[in-house]
**Q** 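Sharing a structure with you now.
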Amino acid sequence: MSIAIPSELITALRGAKHVVFLTGAGVSAESGIATFRDAMTGLWERYSAEQLANADAFRRDRELVWGWYEWRRMQVMKAEPNAAHRAIAAIASKVPRVDVVTQNVDDLHERAGSDKVLHLHGRLNRPFCFACGHPHTLSAGIPNEPEGGRRLAPPQCERCGGYVRPGVVWFGEMLPKSQWDAAVEACEACDVLFSVGTSSLVQPAAGLPLLAARRRAMVVQVNPNPTSLDGIAQINLVGAAGVIMPALVDATW
Ligand code: BV8
Ligand code: ZN
């Protein structure tokens with residue numbers, strides 16, 4: 001099935017000096033990673049992501065939250081980057097400057113070859129001590145499915161004995177300043193901004209395309225479903241990122 005890529009997008013990309021990709025869970029969907037708001041599957045079906053992705057949940061039941069994140073980290077380690085990740089990495093060799101700004105906590109962009117990736121919401125593979133912030137080095141290899149399917153005791157900090165927490169930004173927590181500031185600079189400077197696979201619900205990340213639109217950049221959305229960005233995006237490519245992104249590369253270069 002050939003995807004029709006609008007000619008004005010092809011022209012804009014061929015002449016672009018700086019492109020930003022703002023990605024969300026949808027770009028990892030075709031790697032088999034459940035998106036953030038899809039019904040939680042299997043063992044986690046009676047929880048919502050928002051219920052577990054916050055510091056109070058960890059304070060209340062650290063073993064349940066640590067078990068959930070280790071389950072997710074196991075999923076990511078068993079997954080492969082998909083054609084969307086690879087197409088985004090390939091565009092970096094066609095355009096003078098490309099920034100990948102992701103809300104995802106997986107490392108699939110990096111494993112597909114993208115080097116400068118800004119992680120607004122942290123990374124599954126960078127846990128740290130909840131008490132003193134000391135980084136924790138995870139043992140190599142794929143974590144086992146938590147015994148009994150859900151709970152798993154988090155490791156303890158080698159420096160202070162506190163409990164290690166997932167290296168992600170939870171709801172109600174500030175985004176890492178360096179990553180956020182770099183993302184704002186990139187979105188305000190770029191010629192074209194792609195929003196790929198995000199429901200555009202979570203703030204402040206969801207506000208980034210508006211910064212680009214205000215500076216007259218072309219804003220392009222890639223998503224099979226409607227989102228709140230539909231009215232802002234100049235071009236809406238409706239479909240799966242793993243199909244649209246490679247078609248975009250083939251049509252442009
Ligand atoms: C903060 C890490 C300052 C954890 C995540 C009321 C109004 C406005 C804002 C707020 C509010 N109340 C609270 C807030 C602030 C809150 C917020 O925005 N809440 C929302 C829910 C309303 N934000 C925060 O708390 C942020 N911090 O504001 O700090 C502050 C400080 C103190 C006190 C107050 C404020 C921190 C937000 C970061 C939270 N952490 N992740 C973890 O991963 O466990 S967010 C989480 O959602 C993930 O990172 C995820 O990436 C992100 C966004 O979700 P999406 O990526 O969009 O995923 P989703 O499932 O929603 O959508 C997938 C999309 O893909 C869909 O559109 C689907 O159609 C599409 N898709 C599916 N398949 C494909 C596809 N697309 C393409 N191809 C496909 N094949
Ligand atoms: Zn510590």
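Counting starts at 1 for both ligands and their atoms, following the listed order. Heads up: numbering here begins at 1 and tracks the sequence. Side-chain atoms are counted along with the backbone in the values below, which use heavy atoms only and exclude waters and symmetry mates. As the structure is a computational prediction, the values presented were derived from the model and not from experiment.
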**Q** Atoms of ligand 1 less than 4.0 Å from G172 heavy atoms?
**A**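 Listed by number with element: 24 (C), 25 (O), 31 (C), 32 (C), 33 (C).
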**Q** Within 4.0 Å of atom 26 (C) of ligand 1 (strictly less), any protein heavy atom?
**A**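 Under the 4.0 Å cut-off, atom 26 (C) of ligand 1 does have protein heavy-atom neighbours.
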**Q** With a cut-off of 4.0 Å, which atoms of ligand 1 are near a heavy atom of V169?
**A**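 Within the 4.0 Å cut-off of V169, ligand 1 contributes 2 (C), 4 (C), 5 (C), 38 (C), 39 (C), 40 (N), 41 (N).
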**Q** Identify, for atom 59 (P) of ligand 1, the protein heavy atom at the shortest distance, and state residue, atom and that distance.
**A**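 Residue, atom and distance for the closest contact: R37 NH1, 3.4 Å.
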**Q** To which of Q221, E30, H121, R72 does the heavy atom nearest atom 5 (C) of ligand 1 belong?
**A**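 That would be H121.
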**Q** Which ligand 1 atoms are under 4.0 Å away from a heavy-atom of G24?
**A**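 Answer for ligand 1: 56 (O).
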**Q** Going by a strict under-4.0 Å cutoff (protein heavy atoms only), does atom 79 (C) of ligand 1 have a neighbour on the protein?
**A**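 So atom 79 (C) of ligand 1 has protein heavy-atom neighbours under 4.0 Å.
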**Q** Could you find the nearest protein heavy atom to atom 17 (C) of ligand 1 and give me its residue, atom name and distance?
**A**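 Here the closest protein heavy atom is Q203 N, 3.9 Å.
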**Q** Could you tell me whether the side chain of R72 reaches within less than 4.5 Å of the side chain of V105, counting heavy atoms only?
**A**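 The answer is yes, as the side chains (C-beta and beyond) meet within the 4.5 Å cut-off.
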**Q** For atom 12 (N) of ligand 1, is the nearest protein heavy atom closer than 4.0 Å?
**A**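 So far as the 4.0 Å threshold goes, atom 12 (N) of ligand 1 is out of reach of every protein heavy atom.
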**Q** With heavy-atom distances below 4.0 Å as the criterion, list the atoms of ligand 1 near S199.
**A**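 Near S199, the atoms of ligand 1 are 57 (O), 59 (P), 61 (O), 62 (O), 64 (C), 67 (O).
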**Q** Protein heavy-atom contact under 4.0 Å for atom 38 (C) of ligand 1?
**A**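 So far as the 4.0 Å threshold goes, atom 38 (C) of ligand 1 is in reach of a protein heavy atom.
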**Q** Got an N, O or S from H134 under 2.8 Å of the Zn ion (ligand 2)?
**A**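 No - counting backbone and side chain alike, H134 has no N, O or S atom under 2.8 Å.
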**Q** Considering only heavy atoms from C-beta outward, does the side chain of P154 approach that of Y69 to under 4.5 Å?
**A**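 No. Closest side-chain heavy atoms not under 4.5 Å.
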**Q** Between R86 and E30, does a salt bridge (Lys or Arg N to Asp or Glu O under 4.0 Å) hold up when you go through it step by step?
**A** CA-CA 12 Å; R86 290 196 297 273; E30 288 154 279; over 6 Å; no
**Q** Which atoms of ligand 1 are found less than 4.0 Å from any heavy atom of P224?
**A**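 The list of qualifying atoms is 71 (N), 74 (C), 75 (C), 76 (N), 77 (C).
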**Q** Can you check whether F194 and F21 have ring centres sitting under 6.0 Å from each other?
**A**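 Yes.
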**Q** Mark the output for G242 as yes if a heavy-atom distance to ligand 1 is under 4.0 Å, and as no if none is.
**A**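 G242 does not count as a contact of ligand 1 under the 4.0 Å cut-off.
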**Q** Looking at W170 versus F58, is the centre-to-centre ring distance below 6.0 Å?
**A**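 Yes, the ring centres sit under 6.0 Å apart.
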**Q** Under a 4.0 angstrom heavy-atom cut-off, which atoms of ligand 1 come close to A53?
**A**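 Listed by number with element, the hits are 44 (O).
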**Q** Under 4.0 Å from atom 70 (C) of ligand 1, is there at least one protein heavy atom?
**A**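 Neighbour list for atom 70 (C) of ligand 1 includes protein heavy atoms (cut-off 4.0 Å).
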**Q** For atom 16 (C) of ligand 1, which candidate among F171, Y69, W170 holds the nearest heavy atom?
**A**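 Considering heavy atoms of F171, Y69, W170, the nearest to atom 16 (C) of ligand 1 sits in F171.
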**Q** Quick one: does A25 get an N or O within less than 3.5 Å of an N or O on ligand 1?
**A**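 N/O-N/O distance under 3.5 Å: yes.
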**Q** Could you please compute the angle at the Zn ion (ligand 2) from SG of C132 to SG of C157, rounded to 10°?
**A**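 The two atoms form an angle at the metal of about 110°.
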**Q** Work out the angle at the Zn ion (ligand 2) between SG of C129 and SG of C160, rounded to 10°.
**A**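 SG of C129, the Zn ion (ligand 2) and SG of C160 span an angle of about 100°.
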**Q** Verify the contact flag for atom 2 (C) of ligand 1, where contact means a protein heavy atom under 4.0 Å away.
**A**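 Given the 4.0 Å cut-off, atom 2 (C) of ligand 1 counts as touching protein heavy atoms.
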**Q** At less than 4.0 angstrom from any non-hydrogen atom of E173, what atoms of ligand 1 do you find?
**A**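 Those of ligand 1 that fall under 4.0 Å from E173 are 1 (C), 26 (C), 27 (N), 29 (O), 36 (C).
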**Q** I'd like to know if D106 pairs up with R111 as an ion pair, taking the criterion as any Lys NZ or Arg NE/NH1/NH2 lying under 4.0 Å from an Asp or Glu carboxylate oxygen.
**A**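 No.
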**Q** Which of the listed options, L52, N223, V222, holds the heavy atom that is closest to atom 67 (O) of ligand 1?
**A**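 Nearest heavy atom to atom 67 (O) of ligand 1 lies in N223.
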**Q** Under 4.0 Å from atom 32 (C) of ligand 1, is there any protein heavy atom?
**A**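 True for atom 32 (C) of ligand 1.
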**Q** Just which atoms of ligand 1 are under 4.0 Å from any heavy atom in N225?
**A**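 Here the atoms of ligand 1 in question are 68 (C), 69 (O).
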